[in-house]
Amino acid sequence: MAEDVLAAVRTAPGRTEIRSFPMPDVPDDSALLKVEVAGICGTDVKMYAKPPFPDPVIMGHENVGTIAYAGRDFTRRHGVVDGDRVFVEHYVGCFHCEWCHRGDYRHCENTDWRTNPDARRYGYTSAENPFHLWGGFSQYLYLPWNAVLHKVPDGVSAELAGIVTPLSNGIEWALFAAGVGYNSTVLIQGPGQQGLSQVVACKQAGASQIIVTGTTRDAVRMQLATDLGADHTIDVRQEDPLTRIKEITGGKGVDVVLDCTAGAGVAPVLLGVDALKRREGTMVIQGELAAFPDFPMKKMTEKAITIKSARGHSYRACELALEQLASGRFPLERLTTHTFGLDDVDRAIRAVGGEVDDGVVHVSLLPWSDKKIRNEASR
């Protein structure tokens, strides 16, 4: 292996620099991953524009690669050997607190950067911390003893495995949080990579009506939603979405609302409250808004609506996502529309944010390439 590692480092709001880090000495209970793909999502866009702290950070929390070196204790603990392709979850739990013992390490304080200034989470941790390589926008990634790995099934490429995070979120939010199942009626708001993943999860679970809302600029994504199994798509700029939802459901409304929008303000939540069925519907929201003026509390309680937060994924959801990819049942390769090299991290993030390029669904960063490789939005 090389003596130095190249990485794209966020040094200020909307600014990235390529820096060189020394190859870390890996203890026996740790490993080193050669990063093949680092996916980019809407959270990266927000963190890039408004970093939560000023330290330099190697972003990238949707990481797939091969084990370049694994210490003896790491191999024994994780059952992997050099050359294995794995998906690495971004959570790094302590594995001795109550949350970790329950299997909910995503809630562990050890990985919660919002409350713990010394938290470890891939794509969020300062590059000044020991071992430096805490993000996937790098040629290599450091794996401590408490990293959470999933072996990638044979036949699933690294780039396809790069969408495990949005797909596992789709499974977690739709199936586990909202309880979507056989004959459910579902409204999915926003046809981005997360919304499209929800379509797949709901279709696989047996939902009878899947409705996806978007805007005129989402035409390509809306068509992809249909191809992945959505029964209806609604352009909220061209028709009244609530009227159309009522028409589709025979006036009953939907069982579940999944809010996968970004920057849409209060409108999706208000629509969701109205679109849910008369009693005991469920809404899963991301909670982007710091405040919600005039929230319709009375309507929500009268309809007995359950609101849940869209908060990450579980180990089981990641395993199911990998099985879904391996099954080939859905043309999920169509979600991987754009790939960029390490020198183009800034453009890659802005592409996800809609500032540059067209037809973007999911962007993959390939750290070992030095240029933009492909734009297949039209395929």
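All values below come from the heavy atoms of this structure, side chains included, with hydrogens, waters and symmetry mates left out.
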Peer 1: With R121 as the cation and Y124 as the aromatic partner, state whether NZ or CZ is under 6.0 Å from the six-membered ring centre and within 45° of the axis.
Peer 2: yes
Peer 1: Does the plane of the ring in F292 sit parallel, tilted or perpendicular to the ring in F295? Use 30° and 60° as the thresholds.
Peer 2: perpendicular
Peer 1: Whether the Q204 and R329 side chains hold a donor-acceptor pair (N or O, under 3.5 Å, no angle test) is what I'd like checked.
Peer 2: yes
Peer 1: The criterion is salt bridge (charged side-chain N to carboxylate O under 4.0 Å, His left out); which residues satisfy it with R10, sequence neighbours excluded?
Peer 2: none
Peer 1: Verify the neighbour count for atom CZ of R72: are there more than 12 heavy atoms of other residues, nucleotides or ligands below 6.0 Å?
Peer 2: no
Peer 1: Decide whether Y142 and V81 are clustered together by the hydrophobic rule: side chain heavy atoms of Ile, Leu, Val, Met, Phe, Trp, Tyr closer than 4.5 Å, transitively.
Peer 2: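 Y142 and V81: separate clusters.
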Peer 1: So which heavy atom on Y122 is nearest to which on A147, and how close?
Peer 2: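 Closest heavy-atom pair between Y122 and A147: OH-CB, 4.1 Å.
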Peer 1: Return the SG to CD1 distance between C202 and I210, rounded to the nearest 0.5 Å.
Peer 2: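 One gets 5.5 Å once the value is rounded to the nearest 0.5 Å.
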Peer 1: Which residues pass the side-chain hydrogen bond (donor to acceptor under 3.5 Å, both in side chains) test with E239, not counting sequence neighbours?
Peer 2: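 E239 satisfies side-chain hydrogen bond (donor to acceptor under 3.5 Å, both in side chains) with no residue once adjacent residues are dropped.
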Peer 1: More than 12 heavy atoms of other residues, nucleotides or ligands under 6.0 Å from CZ of F53: is that the case?
Peer 2: yes
Peer 1: Please find the pair of heavy atoms, one from V64 and one from L33, that lie closest to each other, and give the distance.
Peer 2: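 In this case the closest contact between V64 and L33 is C-CD2, 4.3 Å.
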Peer 1: Does the side chain of V212 reach to within under 4.5 Å of the side chain of Q198, using non-hydrogen atoms?
Peer 2: no
Peer 1: What about the rings of F21 and H132, do their centers lie closer together than 6.0 Å?
Peer 2: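 Judged by ring-centre distance (under 6.0 Å), F21 and H132 do meet the cut-off.
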Peer 1: Just by distance, do the side chain of T336 and the backbone of E333 share a donor-acceptor pair under 3.5 Å?
Peer 2: yes
Peer 1: Which pairs count as salt bridge (Lys or Arg N to Asp or Glu O under 4.0 Å) when at least one residue sits in residues 85-97, sequence neighbours excluded?
Peer 2: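 Sorted result for residues 85-97: E36-R85.
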Peer 1: I need the D4 CG to Q139 CD distance, nearest 0.5 Å.
Peer 2: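 Answer rounded to 0.5 Å: 9.5 Å.
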Peer 1: Establish whether I18 and F340 are linked, either directly or via other cluster members, by ILVMFWY side-chain heavy-atom contacts under 4.5 Å.
Peer 2: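 Linked within one cluster.
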Peer 1: Which value, rounded to the nearest 0.5 Å, describes the distance between T213 atom OG1 and D218 atom CG?
Peer 2: 9.0 Å
Peer 1: Under 6.0 Å from the CZ atom of R217, do we count more than 12 heavy atoms belonging to anything else shown?
Peer 2: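 For R217, atom CZ is not crowded (no more than 12 foreign heavy atoms under 6.0 Å).
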Peer 1: Crowded around D118 CG? As in, over 12 foreign heavy atoms under 6.0 Å?
Peer 2: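 More than 12 within 6.0 Å, yes.
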Peer 1: Report yes or no: does Q189 contribute a side-chain atom to a donor-acceptor pair with the main-chain N or O of P268 at less than 3.5 Å?
Peer 2: yes
Peer 1: Between T16 and V9, is a side-chain contact (heavy atoms from CB on, under 4.5 Å) present by the stated rule, with each step listed?
Peer 2: CA-CA 5 Å; T16 295; V9 182; 5.8 Å; no
Peer 1: Checking T301 side chain against A304 main chain: does a donor-acceptor pair fall under 3.5 Å?
Peer 2: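 Flag not set: sc T301 to bb A304 has no pair under 3.5 Å.
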Peer 1: Kindly work out whether a path of hydrophobic side-chain contacts (I/L/V/M/F/W/Y, heavy atoms less than 4.5 Å apart) joins F176 to V148.
Peer 2: no
Peer 1: Donor-acceptor check, side chain of R279 to backbone of E302, threshold 3.5 angstrom: yes or no?
Peer 2: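 Yes; at least one donor-acceptor contact below 3.5 Å.
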Peer 1: Is S30 reaching over with its side chain to a backbone N or O of V26, donor-acceptor style, under 3.5 angstrom?
Peer 2: no
Peer 1: Centroid-to-centroid, Y315 to H150, below 6.0 Å?
Peer 2: yes
Peer 1: Okay, side chain of K303, backbone of V273: is any donor-acceptor separation there less than 3.5 Å?
Peer 2: yes
Peer 1: Closer than 4.0 angstrom, basic N to acidic O: yes or no for E247 and R244?
Peer 2: yes
Peer 1: Answer yes or no: is there a side-chain heavy-atom contact under 4.5 Å between E62 and P166?
Peer 2: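 Side chain of E62 against side chain of P166, heavy atoms only: contact under 4.5 Å found.
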Peer 1: For the residue pair R77 and L149, establish whether any side-chain heavy-atom pair is separated by less than 4.5 Å.
Peer 2: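 Side chain of R77 against side chain of L149, heavy atoms only: no contact under 4.5 Å found.
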Peer 1: Indicate yes or no for a side-chain donor-acceptor contact from T111 to the backbone of H107 under 3.5 Å, with no hydrogens or angles considered.
Peer 2: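 A pair under 3.5 Å: no.
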Peer 1: Closest approach of A321 and S168, non-hydrogen atoms and distance?
Peer 2: CB-N, 3.8 Å
Peer 1: Quick one: list whatever passes salt bridge (charged side-chain N to carboxylate O under 4.0 Å, His left out) with D235, sequence neighbours left out.
Peer 2: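 With sequence neighbours excluded, D235 shows a salt bridge (charged side-chain N to carboxylate O under 4.0 Å, His left out) to no residue whatsoever.
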Peer 1: Closest heavy-atom contact between P367 and G136?
Peer 2: CG-O, 3.7 Å
Peer 1: What is the distance from atom OG of S197 to atom CG of L167, rounded to the nearest 0.5 Å?
Peer 2: 5.0 Å
Peer 1: May I ask you to decide whether D274 forms a salt bridge with K299, counting only side-chain N to carboxylate O separations under 4.0 Å?
Peer 2: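 Yes.
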Peer 1: Using 0.5 Å steps for rounding, measure from the CD atom of Q194 to the SG atom of C41.
Peer 2: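 These two atoms lie 8.0 Å from each other.
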Peer 1: Do V220 and V236 share a hydrophobic cluster (ILVMFWY, side-chain heavy atoms under 4.5 Å, transitive)?
Peer 2: no
Peer 1: Any Lys/Arg nitrogen of D73 or R76 sitting under 4.0 Å from an Asp/Glu carboxylate oxygen of the other?
Peer 2: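 Looking at R76 together with D73, the answer is yes, because their closest N to O distance falls below 4.0 Å.
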Peer 1: What are the two closest non-hydrogen atoms of E128 and P56, and how far apart are they?
Peer 2: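 Here E128 and P56 meet closest at OE2-CD, 3.5 Å.
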Peer 1: Compute both the distance and the angle, then confirm whether K34 meets the cation-pi test with W368: under 6.0 Å from the six-membered ring centre, within 45 degrees of the axis.
Peer 2: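 Here K34 passes the 6.0 Å and 45° test against W368.
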Peer 1: With a 6.0 Å cut-off on the ring centroids, do H90 and H313 count as close?
Peer 2: yes
Peer 1: Output, in order, the C-alpha distance, side-chain angles, deciding distance and verdict of side-chain hydrogen bond (donor to acceptor under 3.5 Å, both in side chains) for S314 and E172.
Peer 2: CA-CA 7 Å; S314 61; E172 186 73 32; 2.5 Å; yes
Peer 1: Is the shortest heavy-atom distance from the side chain of F137 to the side chain of I349 under 4.5 Å?
Peer 2: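 Yes, at least one pair of side-chain atoms sits under 4.5 Å.
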Peer 1: Do V200 and F330 have side-chain heavy atoms sitting under 4.5 Å apart?
Peer 2: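 Touching, per the 4.5 Å side-chain cut-off.
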Peer 1: What residues, two or more places apart in sequence or in another chain, satisfy salt bridge (charged side-chain N to carboxylate O under 4.0 Å, His left out) together with D259?
Peer 2: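 Counting only residues at least two positions away or on another chain, D259 forms no salt bridge (charged side-chain N to carboxylate O under 4.0 Å, His left out).
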Peer 1: Let me confirm one number: the CZ-CG distance from F87 to L325, rounded to the nearest 0.5 Å.
Peer 2: 10.5 Å
Peer 1: Would you find a donor on one side and an acceptor on the other, under 3.5 Å apart, between the side chain of N63 and the backbone of G60?
Peer 2: yes
Peer 1: Mind checking whether V363 and Y48 sit in one hydrophobic cluster, side chains of I, L, V, M, F, W, Y counted as touching below 4.5 Å?
Peer 2: yes
Peer 1: Go through the structure and list residues passing ring-ring contact (aromatic ring centres under 6.0 Å, His included) with H232, not counting sequence neighbours.
Peer 2: none
Peer 1: So, does T185 use its side chain to make a donor-acceptor pair with the main chain of D255 at under 3.5 Å?
Peer 2: yes
Peer 1: So do T306 and E280 actually touch side chain to side chain, heavy atoms under 4.5 Å?
Peer 2: no
Peer 1: Within the 4.5 Å heavy-atom criterion, are V35 and Y140 side-chain neighbours or not?
Peer 2: no
Peer 1: Determine whether V152 and D84 make a side-chain contact, defined as any pair of heavy atoms from C-beta on separated by less than 4.5 Å.
Peer 2: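 No, too far: nothing below the 4.5 Å cut-off.
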Peer 1: Using a 3.5 Å distance criterion without hydrogens, assess whether the side chain of D240 forms a donor-acceptor pair with backbone atoms of T243.
Peer 2: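 Present.
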Peer 1: Looking at A348 and I40, what are the two nearest heavy atoms and their distance?
Peer 2: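 Between these two residues, the closest heavy atoms are CB-CD1, 3.5 Å.
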Peer 1: What about W99 and Y91, are their ring centers closer than 6.0 Å?
Peer 2: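 Centroid distance W99-Y91: not below 6.0 Å, so no.
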Peer 1: Do S208 and N183 have side-chain N/O donor and acceptor atoms under 3.5 Å apart?
Peer 2: yes
